Amino acid sequence: MLCPLGADGDGWPAGAGAVGPADVAQPAGLGGLAGGAGSAAAAGPSAAVALGDAVELGDAAAVGGSVGPVILATDLAAAVREHEQRGDVRWVWADTAEVYPALLAAGIRVERCHDVALTERLLLSREGAAGQPSYLAAAAARLHGRPVPPASRPAASDGPQPSLFDSPETPQDGLAQAAARLGDLVAVHAGQLTRIAAGPQPGRFGLLVAAESAGGLIAAEMSAAGLPWRADVHDQLLTDLLGPRPAGPVGPAGPRPARLADLAARISAAFGDGRPVNPDSPAQLVRALAADGVQVTSTRFSVLREIDHPAIPLLLEYKELARVHAAHGWSWLDTWVAAGRFRPEYVVGGVVSGRWATRGGGALQIPRTLRRAVIADPGWVLVVADAAQLEPRVLAALAGDQAFAEAAAAGDLYTALASAFGGDRNDAKKALLSAMYGGSGGEAGQLLSVLRRRFPQAYNFVETAAQAGEQGRTVSSVLGRTCPPPSQAWRSLAAGSADPDGGPDLGAGRAARARGRFTRNFVVQASAADWALVLLASLRRRLNTMGDGPPAGADRAGADRAGADRAGAGRGSSGWAGPHLVFFQHDEVIVHCPAAVADQVVAAVDDSAREAGRLLFGATQVSFPMTTAVVDCYADAK
DNA sequence: GGTCGGGGCGCG
DNA sequence: AAAGCGCGCCCCGACC
């Protein structure tokens with residue numbers, strides 16, 4: 001069932017659709033980001049609501065109000081494909097993560113969408129209602145003053161709808177449910193547009209909503225495409241480090257590989273009383289060291305390294321190898337790599353700052369040593385691009401600090417700032433990190449006072465954010481993503497300290513400072529996440545114009561899953577014919593593309609970085625250079 | 001038997 | 001050199 005909205009329901013508040021942020025001189029920005037409408041955004045791309053399949057609906061009146069003509073469809077995928085081919089559609093749907101993977105499996109990509117759940121969460125945070133459920137049914141219930149239904153899926157965070165329909169008894173029931181759900185969708189969408197328009201800086205927030213929704217699409221597309229991963233290379237790497245793969249059960253419970261077993265035995269033997277010590281157990285290690293007269297407060301690598309004891313060198317080696325085995329060993333390989341691809345599940349906005357998280361597979365913690373296994377398909381390359389010194393540059397732009405911005409205009413930021421710190425690049429770096437993270441120990445204090453003197457606006461910007469946090473207020477990113485309010489426990493603690501009879505305020509002061517560090521960092525980290533998200537959306541749009549895009553249809557997608565590990569000539573084994581995103585990690589992206597278009601992709605990355613800077617910060621002097629490498633193997637980048 | 005917090009460490 | 005921010009995931013061991 002499809003329901004294209006009329007031109008006046010184009011998905012944007014009038015002001016935001018036509019222009020970028022009022023104080024950002026980039027009129028065409030939103031439309032461009034959102035999918036290629038460019039300045040035509042003012043005319044309004046049509047939008048549509050996608051709900052389910054095999055359901056017929058009478059007419060627009062049935063779902064209430066301001067929607068355009070209703071199109072009957074018996075096949076969601078086919079209908080979406082048809083509308084996409086006509087172009088100029090923004091799909092409005094409840095939850096990209098729920099709807100889009102099936103479309104991708106059928107070989108269909110969409111240009112843009114409005115994700116109601118992601119948008120709801122952004123709005124709730126801004127409205128001081130963070131933590132309330134953001135799925136469609138909950139949003140609709142709030143809108144209509146009904147009791148909010150419980151999430152019917154065991155909430156991983158804020159769980160999406162379990163399914164499109166609740167197993168209708170009859171086709172008529174199915175129709176009724178679908179109609180109700182579509183009504184909810186239309187109403188909640190309209191309500192969201194109103195809330196965006198009524199809030200502060202609707203242009204910026206609209207950009208955030210567009211970028212977040214694009215992020216939803218990209219996350220699903222990257223999961224579908226997968227990161228090229230050579231299981232044979234990974235296996236060889238493990239064998240070189242750990243010895244041959246042990247026979248027996250796959251999984252953490254399995255036997256230690258030869259090298260780890262050998263080290264474990266020698267570690268036990270190196271202790272005085274000769275009894276077995278499990279090197280995986282910090283408690284046992286502390287006891288065993290104590291028995292030999294060595295007192296330690298922890299068994300961290302950095303602590304152990306300073307200790308003189310025969311077991312230590314073995315232990316350090318063991319810890320390093322055991323980590324690889326446990327986190328990214330054969331068990332991981334069996335679980336997460338199939339048909340030459342690693343397919344993590346990304347969680348858009350999984351971090352309060354707007355950074356992404358992943359579920360399973362630890363995709364955002366791939367150790368450097370294992371990046372050897374990330375190898376482009378034959379004839380293809382990886383374009384690995386990361387934003388150089390993103391967070392301090394974002395701070396420079398946020399604060400509008402002229403002197404700082406000049407230093408961040410080009411080249412290495414820390415080098416440019418070095419003269420202010422007596423010519424030492426490391427001092428400049430330390431001072432900035434301390435300012436952004438709230439560090440105070442060691443020489444940080446001294447360096448901070450230099451920063452304060454030379455770059456007062458940048459210093460004051462993070463200082464103000466820290467004070468807001470300490471006082472229990474919230475802070476926001478440049479596009480308006482808002483941090484969570486303090487917990488009830490925090491408030492009680494803070495209130496207690498103000499009470500003369502409240503006893504010692506030890507905890508209160510510590511909690512206040514901790515929250516200050518959080519909000520101090522939030523404004524920078526979240527704004528950097530804004531930037532990265534806009535970069536990603538912009539890059540996706542550019543890449544889509546360069547190749548013939550996604551696999552042509554379900555047949556191909558099915559065939560790929562069936563396991564063609566190696567690519568045929570000219571087409572990656574994912575079946576994607578053109579450049580496509582395969583990885584995103586905070587400030588770094590990887591594009592998998594035919595070697596012949598690598599130069600174009602590099603240019604697209606640079607253009608996207610410029611566009612992101614312009615959309616967020618307008619005519620700032622600050623530049624956001626990308627460090628880009630074109631490689632066969634991820635490990636060869638930087 | 002399962003759950004959960006802590007220690008530790010990978011990434012940005 | 002580490003620390004100050006944000007995560008996910010492993011193992012252990014206390015606990016129910």
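Predicted model, so just to flag it, every value in this text is computed and none were measured. In what follows, chains carry the letters A, B, and so on, assigned in the order in which the sequence lines appear, proteins first and then strands, with residues in each chain numbered from 1.
- Proximity of A:R517 to the phosphate of C:dC5: a side-chain N or O atom is located under 4.0 Å from OP1 or OP2.
- Applying the side-chain contact (heavy atoms from CB on, under 4.5 Å) test to A:A403 and every residue at least two apart in sequence or in another chain returns A:D401, A:F455.
- Taking only side-chain nitrogens and oxygens, A:T358 never comes nearer than 4.0 Å to OP1 or OP2 of C:dC7.
- Heavy atoms of A:G350 sit nowhere under 4.0 angstrom from any nucleic acid atom.
- The list of salt bridge (charged side-chain N to carboxylate O under 4.0 Å, His left out) pairs with a residue in residues 520-539 of chain A, not counting sequence neighbours, reads A:E463-A:R520.
- Side-chain N/O atoms of A:R355 and base N/O atoms of C:dC7 include no donor-acceptor pair closer than 3.5 Å.
- Aromatic ring pairs are classed by plane angle as parallel below 30°, tilted from 30° to 60° and perpendicular above 60°; the pair A:W229 and A:H234 is tilted.
- For A:W490, there are no ring pair (Phe, Tyr, Trp, His ring centres under 6.0 Å) partners, not counting sequence neighbours.
- At whole-Å resolution of the value, CG in A:L395 and P in C:dC5 are 17 Å apart.
- Residues satisfying the side chain to side chain donor-acceptor pair (under 3.5 Å) test with A:E317, not counting sequence neighbours, are A:R259.
- For the 3.5 Å distance criterion, the side chains of A:S538 and A:E611 qualify, holding a donor opposite an acceptor.
- Judged as a salt bridge (charged side-chain N to carboxylate O under 4.0 Å, His left out), the pairs with a partner in residues 468-494 of chain A (not counting sequence neighbours) are, in order, A:E212-A:R481.
- Among the nucleotides B:dG12, C:dC7, B:dC11, the one closest to any side-chain atom of A:P367 is B:dC11.
- Put simply, A:K319 has a side-chain N or O that comes within less than 4.0 Å of OP1 or OP2 on B:dC9.
- Among C:dG6, C:dC11, B:dG8, the nucleotide with an atom closest to any side-chain atom of A:D280 is C:dC11.
- Applying the salt bridge (charged side-chain N to carboxylate O under 4.0 Å, His left out) rule to pairs touching residues 445-461 of chain A yields nothing, sequence neighbours excluded.
- Distances from the side chain of A:R323 to the nucleotides C:dC11, C:dC5, C:dC9 place C:dC9 closest.
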List the atom pairs, donor and acceptor, that lie under 3.5 Å between side-chain atoms in residues 299-315 of chain A and the rest of the protein, sequence neighbours left out.
| from | atom 1 | to | atom 2 | distance (Å) |
| --- | --- | --- | --- | --- |
| A:H309 | ND1 | A:A311 | N | 2.9 |
| A:H309 | NE2 | A:D292 | OD2 | 2.8 |

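- Contact annotation for A:R371: backbone-only contact, meaning every heavy-atom pair under 4.0 Å involves sugar-phosphate atoms and none involves a base.
- At the heavy-atom level, A:I366 lies under 4.0 Å from the strands shown only through sugar-phosphate atoms.
- With hydrogens and angles left out, the side-chain atoms of A:Y318 and A:R256 include a donor and acceptor closer than 3.5 Å.
- Backbone-only contact: A:Q585 has heavy atoms under 4.0 Å from sugar-phosphate atoms and none from a base.
- DNA chain C contains the following stems of three or more consecutive Watson-Crick or G-U pairs, with both distances under 3.5 Å: B:1-12 with C:5-16.
- A 4.5 Å side-chain heavy-atom check between A:V374 and A:F583 finds every atom pair outside the cut-off.
- Closest to the side chain of A:V352, out of C:dC11, C:dC7, B:dC11, is C:dC7.
- Closest contact between the side chain of A:Y437 and the listed nucleotides C:dC7, C:dC5, B:dC9 involves C:dC5.
- If you find the closest nucleotide of DNA chain C to A:G361 and to A:A514, the one lying nearer the 5' end belongs to A:A514.
- Within the structure, salt bridge (charged side-chain N to carboxylate O under 4.0 Å, His left out) pairs that include any residue of residues 363-374 of chain A comprise A:R372-A:D636 (at least two apart or interchain).
- Between A:W332 and A:F342, a ring centre-to-centre spacing shorter than 6.0 Å is recorded.
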Filtered N/O pairs between nucleotides 13-16 of chain C and protein, under 3.5 Å:
| from | atom 1 | to | atom 2 | distance (Å) |
| --- | --- | --- | --- | --- |
| C:dG13 | OP1 | A:S281 | OG | 2.7 |

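- No side-chain donor from either of A:D232 and A:Q236 sits under 3.5 Å from a side-chain acceptor of the other.
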Pairwise N/O distances under 3.5 Å, protein to nucleotides 2-6 of chain B:
none

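- Within residues 300-309 of chain A, the residues approached by DNA chain B to less than 4.0 Å at the level of any non-hydrogen atom are A:R300, A:F301, in residue-number order.
- Using a 4.0 Å heavy-atom cutoff across all strands shown, A:R520 reaches no nucleic acid atom at all.
- Using modelled atom types and a 3.5 Å distance limit, the side chains of A:S281 and A:N278 yield no donor-acceptor pair.
- Comparing atom distances between the A:K430 side chain and each of C:dC5, B:dC11, C:dA3 picks out C:dA3 as nearest.
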